[in-house]
Every structure is written in structure tokens, then in C-alpha cells.
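Reading through the C-alpha cells given below for one structure.
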Amino acid sequence: MILAIGQGDSMGSALIGLAAAVVGVTGTLIASVLSQRLLGRVQSELFERQQQVAEAQWRREQQVAELNRRRDGYMQVNASFRRYRTHLVNFLWTVHKGAVTPEARELVEEARRDHHSAFAEAQLIASAAVLAELDEMTTALSEVYRRTMCLEEGNPDPDGSFDDIRADFVRLWERWERMRGVMRSDLGVGHVTGERQAIGARQLGSSAA
């Protein structure tokens, strides 16, 4: 009987040991699986954050590149406008003096072609607000050019005298100031009051010298 009890205790101990071993192994396996899952989740979250950072950086770079393209385009527009307007004003004075030459006309035509090219390029990248100003400016410049050439050809508009067209140029300068202000706002630099109407008027007066 004592032997049976001893054997029972031994079996119980063995079973307890076996159960403990099984629990231990199971716990180790579960911990390993959980650890792998946790590591996988951490790695996934880290990768996702890295992707978000990379995407945000790419967007910032694209925004900077787009801003630079618009800035360069607007600079070309302003330079071409000033050049075209200057040559057209000079040509108007040449017409007024009756001293038109093929060279004088070619200067105007060359400036006009450069202006068309710069405006066409800017229209592809301009914001909606700037695009509206570009379209209006193109129309206004074309009309002043037409009126100037009609005067040179001896077939002026009823209101297309020399003085009338000089007033057109002053209005062009005002329109350019407004367009430039819209461009500056589009680039995020705000509107700064530039040259006044008096500057345009002085340029017209100085061309007569």
C-alpha cells in the first residue's frame, strides 16, 4: 500500500512536471509569436511613418519647384512687357516725328515676338488669377499695337491720334502695376506699390527728347 502511494506521488510529480514543461514551452512559443507580431507591427508603423515623411518632403519639393517655375515665368513676363512697351512707345514717337525706318519697325516686331513667347509660356504655369491678368494684358497690348500701326499707316482710328495713344500707354502701365501685384501675391510676397502712373507718364515724355 505504501508502495502504491509512493508510485502515485511519483506519477503525480511527473505529471506536474510534464504539465509545467508543456506550459513553459507553450508560453515560450506564445511569447515568441507575440514578440514577432509586435516587432512586425512596430516595423510596419515605422515604415508607414517613413513613407509619410518622404511623401511630405516630396510634396514640399514639388511646391518649391512649382513656385520657382512661376517666379521665373513671371519675371520673364515683366521683362518682356517693359521691353515691348518701351519699343512701342519709341515707335509711336517716331511715327509722330515722321521718321519711321525699317529698323525701327523691326525693333518693335522683335520685342512683340519676345513678348508673345514669354506670355505664352507663363500662361501654362500661371495661377487662375494671374492668367486672367495675362489675358487682359495681351488683349490691351494688341489693341495699342494695332492703333499705333494704323496711325503709322495713315489710317488712324477716330480716337487714335498721337495724344490718344499716349494715354493708352499710361493705362497700360497702370494695368501692368495691377498685374504685377497679382503676381507678387501669387508668389506669396504680397503687394508692394510700385511705380506710379507718373513714372509711365515721364517715360512717355522722355521719349520725345
Side-chain angles (χ1 to χ4, degrees), residues 68-187 189 191-209:
N68 288 337
R69 283 193 295 269
R70 290 206 309 271
R71 181 197 62 198
D72 293 343
Y74 295 168
M75 289 174 61
Q76 291 296 323
V77 162
N78 281 283
S80 68
F81 166 78
R82 294 171 70 96
R83 180 169 179 266
Y84 181 29
R85 180 183 178 277
T86 297
H87 283 298
L88 198 53
V89 166
N90 291 341
F91 187 77
L92 176 65
W93 278 102
T94 301
V95 171
H96 183 61
K97 296 174 181 178
V100 174
T101 63
E103 291 76 17
R105 179 182 284 274
E106 178 55 29
L107 283 175
V108 172
E109 295 301 328
E110 181 183 355
R112 184 167 179 255
R113 289 191 295 269
D114 290 343
H115 150 261
H116 284 169
S117 177
F119 270 50
E121 291 181 8
Q123 286 171 334
L124 298 176
I125 59 175
S127 65
V130 173
L131 182 60
E133 293 293 331
L134 288 171
D135 290 343
E136 290 183 11
M137 178 61 79
T138 298
T139 300
L141 277 167
S142 296
E143 179 62 12
V144 174
Y145 170 83
R146 183 194 66 79
R147 285 161 61 81
T148 301
M149 293 306 165
C150 285
L151 179 64
E152 190 269 329
E153 293 168 359
N155 186 31
D157 292 349
D159 60 345
S161 68
F162 169 75
D163 288 331
D164 290 330
I165 299 176
R166 284 185 67 195
D168 289 343
F169 279 104
V170 174
R171 286 189 288 271
L172 274 180
W173 191 266
E174 294 172 344
R175 184 182 294 275
W176 171 73
E177 285 188 328
R178 186 175 71 240
M179 181 181 73
R180 188 182 61 172
V182 174
M183 288 177 175
R184 290 175 62 85
S185 296
D186 185 50
L187 295 175
V189 294
H191 177 71
V192 179
T193 303
E195 295 87 344
R196 301 292 183 180
Q197 175 180 345
I199 298 178
R202 284 200 298 272
Q203 281 196 346
L204 286 170
S206 65
S207 298

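These values consider heavy atoms only, across backbone and side chains, with no hydrogens, waters or symmetry-generated copies.
With hydrogens and angles ignored, the 3.5 Å screen pairs a side-chain donor or acceptor of Arg147 with a backbone N or O of Asp159.
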Any chance you could lay out the side chain to side chain contact (heavy atoms under 4.5 Å, CB included) test for Arg175 and Glu136, step after step, and finish with the verdict?
-> CA-CA 9 Å; Arg175 184 182 294 275; Glu136 290 183 11; 3.1 Å; yes

Tell me, with the steps shown, if Glu109 and Tyr145 meet side chain to side chain contact (heavy atoms under 4.5 Å, CB included).
-> CA-CA 10 Å; Glu109 295 301 328; Tyr145 170 83; 2.4 Å; yes

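Of all the heavy atoms in Ala140 and Leu172, the pair that sits closest is CB-CD2, 3.7 Å. Ala118 and Ser80 get closest at one heavy-atom pair: CB-OG, 3.5 Å. The two atoms that bring Ser161 and Asp164 nearest to each other are OG-OD2, 3.0 Å, heavy atoms only.
For the atom pair CZ (Arg112) and CZ (Phe91), the distance works out to 12.0 Å, reported to the nearest 0.5 Å. The OG1 atom of Thr148 sits 9.5 Å away from atom CD of Glu143, with the distance rounded to the nearest 0.5 Å. Residue Leu107 holds its CG atom at 11.5 Å from OG1 of Thr86, rounded to the nearest 0.5 Å. Separating the CZ atom in Arg71 from the CD1 atom in Ile125 is a distance of 11.0 Å, to the nearest 0.5 Å. With values rounded to the nearest 0.5 angstrom, Arg171 atom CZ is found 8.0 Å from Glu174 atom CD. Here the CG atom belonging to Asp157 is positioned 7.5 Å from the CD1 atom belonging to Ile165, to the nearest 0.5 angstrom.
Within the 4.5 Å cutoff, no side-chain heavy atoms of Tyr74 are placed close to those of Arg184. Two residues are said to be in side-chain contact when any heavy atoms from C-beta on lie closer than 4.5 Å; Leu92 and Leu151 meet this criterion. Arg166 has its side chain out of reach of His96: every pair of non-hydrogen atoms, C-beta onward, lies at least 4.5 Å apart. Contact annotation: the side chain of Phe169 approaches that of Val144 to within less than 4.5 Å [non-hydrogen atoms, C-beta and beyond]. Looking at Arg70 and Met183, their side chains never come closer than 4.5 Å, going by heavy atoms from C-beta outward. Side-chain contact between Glu152 and Thr94 is absent, with no heavy atoms from C-beta onward closer than 4.5 Å. Residues Phe162 and Val95 form no side-chain contact, since every pair of their non-hydrogen atoms from C-beta on lies 4.5 Å or further apart. A heavy-atom distance below 4.5 Å is not found between the side chains of Met137 and Val77.
The aromatic rings of Trp173 and Trp176 lie tilted to each other, with the angle between the two planes from 30° to 60°.
With salt bridges taken as basic N to acidic carboxylate O contacts below 4.0 Å, none links Arg113 and Glu110.
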